Protein chains: 2
Amino acid sequence: MFLPLYCNKNNYRMNNGRFSIALHILVLLDKAQGELVSSEWLAGSININPAMVRKELISLRQHGFVQSKEGKNGGTTLAKKASEISLGAIYESVRQLSLLGHQKNTPNPQCPVGKNINAHLDGLYNDTERVLIDQLNKQSLADFSAKFG
Amino acid sequence: MFLPLYCNKNNYRMNNGRFSIALHILVLLDKAQGELVSSEWLAGSININPAMVRKELISLRQHGFVQSKEGKNGGTTLAKKASEISLGAIYESVRQLSLLGHQKNTPNPQCPVGKNINAHLDGLYNDTERVLIDQLNKQSLADFSAKFG
DNA sequence: AAAACTGTAACAAAATTATTTACAATATAA
DNA sequence: TTATATTGTAAATAATTTTGTTACAGTTTT
């Protein structure tokens with residue numbers, strides 16, 4: 001079939017850029033008010049390659065934020081109301097591993113600190129990310145989109 | 001003199017890995033209870049190269065967390081009490097640009113959304129990061145270090 | 001049948017991060 | 001005072017991750 005996009009051999013990635021792109025796409029779709037929008041057009045506003053947009057659209061679709069129509073005059077629209085899409089959910093759709101990241105972190109298991117640090121870092125990162133998502137959840141796509149004239 | 005380390009030509013960087021390393025170093029120094037610890041020894045616990053440790057130590061020193069002694073039998077100790085170093089301050093010492101990042105983001109200025117999105121993203125990211133730092137500040141290095149036997 | 005799309009894959013390039021090596025400077029100790 | 005350990009810094013290299021490009025098969029409309 002089709003393996004997840006954007007994944008490297010360690011199944012690890014950071015959470016930059018993509019959040020901006022995803023949010024930008026969603027705002028544009030909200031402004032389009034249900035009109036089908038092509039990836040070409042979206043790419044024009046974001047100033048990136050249409051294929052990049054389509055990659056992000058795959059993810060947004062898998063998360064139920066958008067729906068697409070293939071073929072001529074096809075394109076994408078929001079799949080739910082902008083007020084029902086929280087920024088935290090968008091963040092979660094683009095994030096992969098831990099926020100503060102310790103990608104390849106293999107401390108010395110013979111050191112009492114090294115042996116346990118990953119577990120403690122995980123706890124810390126999870127707590128911190130929870131707070132971050134809660135903060136983002138205070139705003140919906142509709143709220144954010146409203147900032148644009 | 002000496003330009004900031006870890007900086008690329010755009011003066012931009014993410015905030016991963018280095019937080020883990022910085023915190024790991026600081027916990028080890030706390031456990032050493034004022035004994036001078038060599039970068040070699042620190043590197044052994046973290047399982048990275050001593051030069052990496054020394055790079056991070058430069059930053060930690062500049063931020064007033066540690067102090068070092070050169071020459072034979074030299075090494076590093078904490079420069080203040082672990083209870084006076086908050087995790088938020090450590091985070092701020094390793095972070096460079098924005099948390100959710102939009103590094104090279106040059107949207108189409110002719111698009112009403114593209115034209116304004118960076119300003120709105122900046123606002124969102126700043127608010128979010130503020131909350132993240134507040135959360136980290138709830139814990140001091142002493143608190144975190146106490147988790148290790 | 002032609003045209004305009006999306007969906008997917010594979011590849012290429014750029015950017016970032018991590019690692020290694022090297023060595024001058026400094027301080028201790030034999 | 002000479003050898004040794006250790007930091008401080010730079011530079012180069014390697015690995016990884018991220019971003020961008022190209023290509024084309026499959027779909028749907030005209």
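Protein chains get the first letters and strands the later ones, always in sequence-line order, with residue 1 at the start of each. Nothing here was measured: the structure is a model prediction, and the numbers come from that model. Only this structure's heavy atoms are used, side chains among them; waters, hydrogens and symmetry mates stay out.
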task = Mark yes or no for a side-chain to base donor-acceptor pair under 3.5 Å between B:Lys55 and D:dG8, with no hydrogen or angle criteria applied.
result = no
Between [X] ([atom1]) and [N] ([atom2]), how many Å, whole number?
X	N	atom1	atom2	value
A:Gln67	C:dG7	CD	C1'	16 Å
A:Arg61	C:dG7	CZ	C1'	7 Å
B:Ile58	D:dA11	CD1	C1'	14 Å
A:Glu40	C:dT6	CD	P	8 Å
B:Leu57	D:dT9	CG	P	11 Å
A:Ile21	D:dG20	CD1	P	6 Å
A:Phe19	D:dT18	CZ	P	17 Å
B:Glu56	D:dT9	CD	P	14 Å

message = Between A:Asn137 and A:Ser86 (side chain of the first, backbone of the second, donor and acceptor by atom type, cut-off under 3.5 Å), is there such a pair?
response = no
task = Check the surroundings of atom CD in A:Glu84: do more than 12 heavy atoms from other residues, nucleotides or ligands lie under 6.0 Å from it?
result = yes
query = Looking at side-chain heavy atoms only, is the closest gap between A:Gln135 and B:Gln135 below 4.5 Å?
reply = no
key: Criterion salt bridge (Lys or Arg N to Asp or Glu O under 4.0 Å) on A:Asp134 and A:Arg130, from CA distance to verdict   = CA-CA 6 Å; A:Asp134 288 347; A:Arg130 188 67 255 154; 3.2 Å; yes
ask   = Are B:Val66 and B:Trp41 connected in the hydrophobic side-chain network, where two residues link if heavy atoms are under 4.5 Å apart?
value = yes
ask   = Phosphate oxygens OP1/OP2 of D:dT7: is one of them under 4.0 Å from a side-chain N or O of B:Ser39?
value = yes
request  = Verify the contact: side-chain N or O of B:Arg18 to OP1 or OP2 of C:dA18, cut-off strictly under 4.0 Å; return yes or no.
outcome  = no
request  = Not counting sequence neighbours, which residues clear side chain to side chain contact (heavy atoms under 4.5 Å, CB included) with B:Ala51? List them please.
outcome  = B:Asn49
task = Write down the atom of B:Thr77, the atom of B:Leu29, and the distance for their closest heavy-atom approach.
result = C-CD1, 4.2 Å
task = Among the candidates C:dT6, C:dT20, D:dT7, find the nucleotide nearest to the side-chain atoms of B:Met52.
result = C:dT20
query = Could you run down nucleotides 22-30 of chain D 5' to 3' and tag each one B, S or - for protein heavy-atom contact under 4.0 Å?
reply = BB---BBBS
